[in-house]
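Written below as structure tokens is the structure these notes are about.
All values below come from the heavy atoms of this structure, side chains included, with hydrogens, waters and symmetry mates left out. Residue numbers start from 1 in every chain, and the chains themselves are labelled A, B, ... in the order their sequence lines are given, proteins ahead of strands.
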Amino acid sequence: EADIYQTPRYLVIGTGKKITLECSQTMGHDKMYWYQQDPGMELHLIHYSYGVNSTEKGDLSSESTVSRIRTEHFPLTLESARPSHTSQYLCASSVAGVNHNEQFFGPGTRLTVL
Amino acid sequence: AQTVTQSQPEMSVQEAETVTLSCTYDTSESDYYLFWYKQPPSRQMILVIRQEAYKQQNATENRFSVNFQKAAKSFSLKISDSQLGDAAMYFCAYRSYNTDKLIFGTGTRLQVFP
């Protein structure tokens with residue numbers, strides 16, 4: 001079944017650790033996105049990609065980095081996690097020309113940095 | 001810059017009743033999309049309904065309908081015959097016609113009581 005997956009769903013780590021949040025989709029979508037969502041707040045776009053080897057920063061400044069080596073995979077990395085990075089991170093994907101470029105969302109990763 | 005405002009942090013409704021969630025937005029553009037997304041607790045965000053700004057007719061999807069007032073920049077969601085499964089956070093979102101970037105409101109938490 002075509003879907004979008006995120007792992008881990010929950011992560012609690014200490015300050016200074018390097019972490020990678022995984023996002024994969026099996027829908028063959030060319031466009032992928034990362035959003036950051038603080039509790040009770042709106043989603044903010046932090047990174048997006050329009051295809052392999054294409055990555056751009058979003059509207060909200062983030063210390064994280066992303067890569068897009070394969071179409072289906074769009075991981076997000078924090079080199080040195082800090083408490084200010086505590087948030088929920090949502091991955092999404094879309095394809096041009098289908099349902100007005102509707103974005104499909106993953107279940108999210110809830111990150112807590114102690 | 002475009003903004004989306006949801007002035008109701010929480011709403012509640014009794015099962016089988018009707019509830020309306022409010023959303024206003026600000027833009028100088030004439031062509032754009034508006035969306036309502038549903039985010040159930042610990043589950044994936046899904047698209048509930050979409051409205052293209054150039055269409056005068058209000059969008060409907062089964063029990064969900066919108067009241068789109070372009071001049072007033074208002075985009076409310078009406079849920080008829082509310083069900084327990086409708087309980088979730090509901091986000092209003094805006095997207096310019098020629099981009100993929102979604103701009104979200106802060107969300108409305110909907111509770112449904114039996």
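If you measure heavy-atom distances from B/Tyr33 to chain A, the contacts under 4.5 Å come from the side chain alone. Interface residue A/Arg9: only side-chain heavy atoms are found under 4.5 Å from chain B. Of the two parts of A/Gln88, only the side chain, counted from C-beta on, holds a non-hydrogen atom closer than 4.5 Å to a non-hydrogen atom of chain B.
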- Query: Yes or no on side chain to side chain contact (heavy atoms under 4.5 Å, CB included) for B/Leu102 and A/Tyr33, after CA distance, side-chain angles and deciding distance?
  - Reply: CA-CA 10 Å; B/Leu102 287 167; A/Tyr33 315 82; over 6 Å; no

- Message: Evaluate A/Leu43 against B/Met45 for side chain to side chain contact (heavy atoms under 4.5 Å, CB included), listing each step before the verdict.
- Response: CA-CA 11 Å; A/Leu43 285 75; B/Met45 182 175 295; 3.7 Å; yes

- Stepwise, does the side chain to side chain contact (heavy atoms under 4.5 Å, CB included) test hold for B/Tyr37 with A/Gln103? CA-CA 10 Å; B/Tyr37 281 88; A/Gln103 292 186 22; 4.2 Å; yes

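Residue A/Leu60 is grouped with residue A/Leu111 when hydrophobic side chains (ILVMFWY) are merged at heavy-atom distances under 4.5 angstrom, including chains of intermediate members. Side-chain heavy atoms closer than 4.5 Å link hydrophobic residues (I, L, V, M, F, W, Y) into clusters, and following such links, even through other members, never connects A/Phe105 to B/Ile103. Taking hydrophobic clusters as Ile, Leu, Val, Met, Phe, Trp and Tyr residues chained together by side-chain heavy-atom distances below 4.5 Å, A/Leu76 does not share a cluster with A/Tyr35. Residues B/Leu34 and B/Ile46 are members of separate hydrophobic clusters, defined by side-chain heavy-atom contacts under 4.5 angstrom among Ile, Leu, Val, Met, Phe, Trp and Tyr. Note: the hydrophobic cluster containing A/Leu21 also contains A/Val66 (ILVMFWY, side chain heavy atoms under 4.5 Å, direct or indirect links).
Within the structure, side chain to side chain donor-acceptor pair (under 3.5 Å) contacts touching residues 50-61 of chain A (residues at least two apart or in different chains) are A/Tyr50-B/Asp100.
Atom CG in B/Leu47 sits 4.5 Å away from atom CD in A/Glu102 (nearest 0.5 Å).
Put simply, the side chain of B/Gln44 reaches to within 4.5 Å of the side chain of A/Ile4, judged on heavy atoms.
Donor-acceptor pairing under 3.5 Å is recorded for the side chains of A/Gln37 and B/Gln39.
Using a 4.5 Å cut-off between non-hydrogen atoms, no part of residues 58-72 of chain B approaches chain A.
The 12-atom threshold is exceeded at NZ of B/Lys101, counting heavy atoms of other residues, nucleotides or ligands nearer than 6.0 Å. Around the CG atom of B/Leu84, the shell of radius 6.0 Å holds more than 12 heavy atoms that belong to other residues, nucleotides or ligands.
In terms of non-hydrogen atom pairs under 4.5 Å with chain A, the most contact-rich of B/Gly107, B/Ala1, B/Gly105, B/Ala93 is B/Gly105.
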